[in-house]
Amino acid sequence: MSERAPAVELRQVSKAFGPRKVLDQVSFRVEPGRSLCILGRSGTGKSVTLKHIVGLMRPDAGSVLIDGEDITRLSGRDLYRVRKRIGFLFQHAALFDSISVGENVAFPLRRHTRRPDAEIRARALELLASVGLGSEYDKMPADLSGGMRKRAGLARALALEPAILLADEPSAGLDPVTAGEIDELLAELKRGSSTSLVVVTHNIPSARAIGDELIFLHEGRILAQGAPRALEASDVALVRRFMASGGAG
Ligand SMILES: Nc1ncnc2c1ncn2[C@@H]1O[C@H](COP(=O)(O)OP(=O)(O)O)[C@@H](O)[C@H]1O
Ligand SMILES: [Mg+2]
């Protein structure tokens, strides 16, 4: 009997830009329905890691598997098929400025499904309500606060009910209360669904709230990996300090 493959697996992934080696044989797995937080200072390859998972970047060496399928050699329609299962909340939650908040959320549904308009609007409204924006459908993105835009971005990332959700510093740049709300939404998502999560964060309280497991990236390598408590008690001083500092560095 075969067990289910990990939702996400990196095997010995290396990536360089010119002379700069950003990822150096990075390996990890996220089991289905589990959540992984990626920690580390700026410029350590966290965003690059997420881009590999969604096939926006290809490794120089190693492989990336989604639900057991090696995506490193896929292109065109095959890569597109895999990408449709992955929601991506980008660091700057880029909403389209020229269409309403509701239509931003409806956008993936209009693009990837043939559902009738009324059904799409109803679904977008439901998604907005689930992130506390049920009365903002017709507002323009510019009229929302940063935290509200981030929540709308999350609703949009969830529109196609992705099996895997990637979020790149979802609470960065938000005040602590708003950041906490975003973390709570992600933690709820983890508890209430079978979605697998990979979340990049600078914020230790976020990582504790969201991550079943954390990895700490440093100079292209995984310096520590494990449950939050294991990282707090890490043998590696840098990791212990990062965990104790709240991670703001
Ligand atoms: N498309 C790219 N071309 C060249 N260098 C890049 C590219 N993307 C990222 N880098 C470099 O890779 C390193 C890691 O970037 P990134 O993953 O964005 O860091 P972070 O951990 O802050 O998310 C940085 O030095 C960055 O300048
Ligand atoms: Mg980044």
Side-chain angles (χ1 to χ4, degrees), residues 8-30 35-64 66 71-72 74-75 79 83 86-95 146-147 149-151 153-154 156-157 164-174 178-179 182-183 186 196-211 213-226 228 231 234 236 238-243 245-249:
V8 177
E9 181 174 7
L10 267 66
R11 289 188 186 158
Q12 308 268 315
V13 166
S14 294
K15 181 74 174 178
F17 297 104
R20 182 164 155 63
K21 197 155 204 181
V22 173
L23 298 179
D24 186 8
Q25 302 199 320
V26 167
S27 302
F28 61 78
R29 307 165 148 222
V30 184
S35 59
L36 175 79
C37 285
I38 303 177
L39 303 168
R41 292 178 173 165
S42 288
T44 49
K46 302 183 298 297
S47 296
V48 165
T49 301
L50 290 190
K51 286 173 189 164
H52 278 81
I53 295 172
V54 75
L56 288 171
M57 283 183 181
R58 283 173 201 272
D60 301 331
S63 49
V64 177
I66 302 297
I71 66 162
T72 31
L74 297 185
S75 59
L79 185 56
R83 266 193 202 154
I86 305 177
F88 201 145
L89 179 58
F90 288 93
Q91 189 161 351
H92 300 289
L95 299 179
R149 277 204 292 276
K150 198 69 85 155
R151 281 188 271 154
L154 180 58
R156 187 176 62 183
I164 300 165
L165 179 72
L166 312 178
D168 199 348
E169 305 205 24
S171 52
L174 303 175
T178 312
I182 300 280
D183 294 342
L186 289 170
S196 311
L197 289 180
V198 184
V199 179
V200 167
T201 180
H202 261 77
N203 186 290
I204 304 299
S206 302
R208 276 208 195 85
I210 300 166
E213 196 176 38
L214 318 184
I215 61 178
F216 186 89
L217 270 184
H218 183 67
E219 291 177 354
R221 290 179 169 265
I222 295 179
L223 206 55
Q225 175 164 14
L231 263 67
S234 171
V236 184
L238 182 65
V239 175
R240 278 200 315 276
R241 278 208 304 276
F242 191 88
M243 295 299 290
S245 72

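Whatever order the structure lists them in is the order used to number ligands and atoms, beginning at 1.
- The atoms of ligand 1 that sit less than 4.0 Å from any heavy atom of Thr44 are 19 (O), 20 (P), 21 (O).
- For atom 26 (C) of ligand 1, the nearest protein heavy atom lies 4.0 Å or farther away.
- One distance of note links CZ of Phe17 with CG of Asp60; it measures 8.0 Å at 0.5 Å rounding.
- With Arg11 contributing its side chain and Gly62 its backbone, the two residues share no donor-acceptor pair below 3.5 Å.
- Here is the list of ligand 1 atoms found below 4.0 Å of a heavy atom in Ser42: 22 (O).
- For the Mg ion (ligand 2), the N/O/S atoms of Ser47 include one lying under 2.8 Å.
- Considering only non-hydrogen protein atoms, atom 3 (N) of ligand 1 sits nearest to Phe17 CD2, 3.4 Å.
- In this structure, atom 18 (O) of ligand 1 lies nearest to the protein heavy atom Ser47 CB, 3.6 Å.
- Among the atoms of Gly43, some N or O lies under 3.5 angstrom from an N or O of ligand 1.
- Lys150 places a side-chain N or O within donor-acceptor distance of the main-chain N or O of Gln91, the cut-off being under 3.5 Å.
- Looking only at distances, no side-chain donor or acceptor of Arg29 sits under 3.5 Å from a matching main-chain atom of Glu9.
- Put simply, CD1 on Ile53 and CG on Leu10 are 5.5 Å apart, with the number rounded to the nearest 0.5 Å.
- Contact between Gln225 and Phe28 at its shortest, heavy atoms only, is NE2-CB, 3.9 Å.
- For Arg20, the heavy-atom gap to ligand 1 drops under 4.0 angstrom.
- Residue-ligand proximity, Val22 to ligand 1, at heavy-atom distances under 4.0 Å covers atoms 12 (O), 13 (C), 14 (C).
- Using a 4.5 Å heavy-atom cutoff, the side chains of Ser14 and Asp24 are in contact.
- When Leu217, Asp168, Val200, Val48 are ranked by how near their heavy atoms come to atom 16 (P) of ligand 1, first place goes to Val48.
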